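Have a look at the structure below before the remarks.
All of these numbers come straight from a predicted model, not from anything done at the bench.
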Number of protein chains: 2
Amino acid sequence: MTRERALQTAMGLADAGGIGSLSMRKLAAELGIEAMSLYHHVRSKEDILDGMVDIVFSEMELPLPGEEWKTAMRRRAESTRAVLAKHPWAIGILDSRTSPGTATLRYLDTVIAFLRAAGFSIAMAAHALSVLDSYVRGFAMQEASLPLDQSGSIEAATESILEQQHMMSNAFPHLGEMAAELILKPGYAYGNEFEFGIGLILDGLDGALAGEGAEAARNAPTGAGSAASPTVG
Amino acid sequence: MTRERALQTAMGLADAGGIGSLSMRKLAAELGIEAMSLYHHVRSKEDILDGMVDIVFSEMELPLPGEEWKTAMRRRAESTRAVLAKHPWAIGILDSRTSPGTATLRYLDTVIAFLRAAGFSIAMAAHALSVLDSYVRGFAMQEASLPLDQSGSIEAATESILEQQHMMSNAFPHLGEMAAELILKPGYAYGNEFEFGIGLILDGLDGALAGEGAEAARNAPTGAGSAASPTVG
DNA sequence: ACCTGAACACCGTTCAAGT
DNA sequence: ACCTGAACACCGTTCAAGT
């Protein structure tokens, strides 16, 4: 029995049945011990959740040094989305840990280092982190709560949805139209909306970065507009 | 005793002490009845959560007919953020309700109607809803989990944070630099990042809309590029 | 050092019994 | 129709007692 094995088993339980099916008693049973024995390896259930969240961060792909920044941030976003789809219970508690683990801190540090090396000022790196991660986590949250079939399209096979669809078209015509003309059509998968948003945000960051670079160049025309020193006051 | 009063009291409990402090027994006590009596007015705790989420949607400001769309969407985003800051327990369960209430459906229908009237195709309205709401909810989630003082800046007064800050600067230098040079500086408030992201997304949508309008004009040069008919196949 | 039975203070919900 | 006591099957956690 190690803390590591307890965390891995806890991840398995949460992945399989949601965070609600993770209890100290069930986890202990899975490990072949009594619930009270767990407290020799972890401090509390909160401690277990801290450890689980840190494992989730450790599974996310990091940007590679030298990679073009938009490519790197797009890959990071897609990796985050994939990891959160595998561990949907983690979405709501990713940020709420009061004591972030080392994998979490290393993850953040590496992303910030990458952005700085790519020419982002400290303030612009904070902007980029905020808008990208807010979007990716919000999207993961919405995606996690959809009734999806295995192709990723909305599960419309049940009678109840079709009934609702009919009622909706009368009481809520625009929602009904969007459902009928787009969302419930065979080709539509909500997951594809991700690409639109991430592209839009990366292009926007590109523009903001160019504007900042131009401004820096005006203020200090000899500098290369690169990353070494902070440009924020 | 009515369902309405039960929901309002439940909201008060959740607002005050988080969703964890909302139990059927405590709610009943607050209402002056026994826990079991609640089941005469609501079907289950899930039913209560459904009702609470619908009330949260009813508190969000809707776009006004005729309003300029970027203004309207910015106001909607800020209102959503404010409502979710008042009811942080709602952020993680907003989308996960399997049976949305009438306020929720009316809210969505009104927003879609507004976007269609502003010239968005069905597909572009879906894009806009997805990227805006993912961002706003993701941001609300991150904001809800920060240790903020009343001015909205990070609470840096505790020794433990300063200690961590010192350790961090060695092990995680870029994170440490961002903390020291930006986040822990007196003027900084994480909430101000919201404006950067929402502006970036609205500008991006503006460009996408113009592109779509130009394409529609090429395909049917006599049309005004307006909202009446769907342009999605 | 590691494990555990009993216990405490909680949960959501059912059911039969009251008015 | 509305309320409720007792009960069931759960929680996280403490504590004294075992090896």
Verify the contact: side-chain N or O of A/Lys26 to OP1 or OP2 of D/dC11, cut-off strictly under 4.0 Å; return yes or no.
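It does, given that an N or O in the side chain of A/Lys26 lies less than 4.0 Å from OP1 or OP2 of D/dC11.
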Considering just the side-chain nitrogens and oxygens of A/His41, establish if one lies under 4.0 Å of OP1 or OP2 belonging to C/dA1.
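So the side chain of A/His41 is outside the cut-off, no N or O lying under 4.0 Å from OP1 or OP2 of C/dA1.
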To the nearest Å, how far apart are [X] [atom1] and [N] [atom2]?
X	N	atom1	atom2	value
A/Glu46	D/dC11	CD	C1'	14 Å
B/Met36	C/dC11	CE	C1'	11 Å
B/Tyr39	C/dA16	OH	P	17 Å
B/Leu31	D/dC3	CG	P	10 Å
A/Leu49	D/dT13	CG	P	10 Å
B/Lys45	C/dC11	NZ	P	9 Å
B/Ile33	D/dT4	CD1	P	7 Å
A/Ile19	D/dC11	CD1	C1'	14 Å

Heavy atoms only, 4.0 Å cut-off, all strands: where does [X] land among base, sugar-phosphate and nothing?
X	value
B/Ser37	base
A/Leu22	sugar-phosphate
B/Met24	sugar-phosphate

A/Phe120 and A/Trp69 aromatic ring geometry - parallel, tilted or perpendicular at 30°/60° bounds:
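Perpendicular: the ring planes of A/Trp69 and A/Phe120 meet at over 60°.
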Test for a donor-acceptor pair under 3.5 Å between the base of D/dC2 and the side chain of B/His40, counting only N and O atoms.
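Side chain to base: no pair below 3.5 Å.
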On a whole-Å scale, what distance lies between the C1' atoms belonging to C/dC3 and D/dC15?
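My reading of the C1' atoms in C/dC3 and D/dC15 gives 14 Å.
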Decide, yes or no, whether a salt bridge links A/Arg74 with A/Glu195 under the criterion of side-chain N to carboxylate O below 4.0 Å.
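Salt bridge: yes.
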Run the salt-bridge test on A/Asp54 and A/Arg106 with the 4.0 Å N-O cut-off and return the result as yes or no.
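The answer is no: the pair does not qualify as a salt bridge.
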Partner nucleotide, any strand, of C/dA16 [Watson-Crick/G-U, under 3.5 Å]
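Pairing partner, where one exists within any strand: D/dT4.
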Under 3.5 Å for both donor-acceptor distances, Watson-Crick or wobble: does C/dC11 have a partner, and if so which one?
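The answer is none; no pair meets the criterion.
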Quick one: are B/Leu205 and A/Phe196 in side-chain contact, heavy atoms under 4.5 Å?
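Touching, per the 4.5 Å side-chain cut-off.
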Does a donor on one side chain and an acceptor on the other come within less than 3.5 Å for A/Tyr188 and A/Glu181?
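Per modelled atom types, A/Tyr188 and A/Glu181 side chains form no pair under 3.5 Å.
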State which of D/dT4, D/dT13, C/dT14 makes the closest approach to the side chain of B/Glu34.
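Nearest to the side chain of B/Glu34 among the choices is D/dT4.
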When the nearest nucleotide of DNA chain C is assigned to A/Ala35 and to A/Arg25 on a heavy-atom basis, which residue is associated with the more 5' position?
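Nearest-nucleotide comparison on DNA chain C picks A/Ala35.
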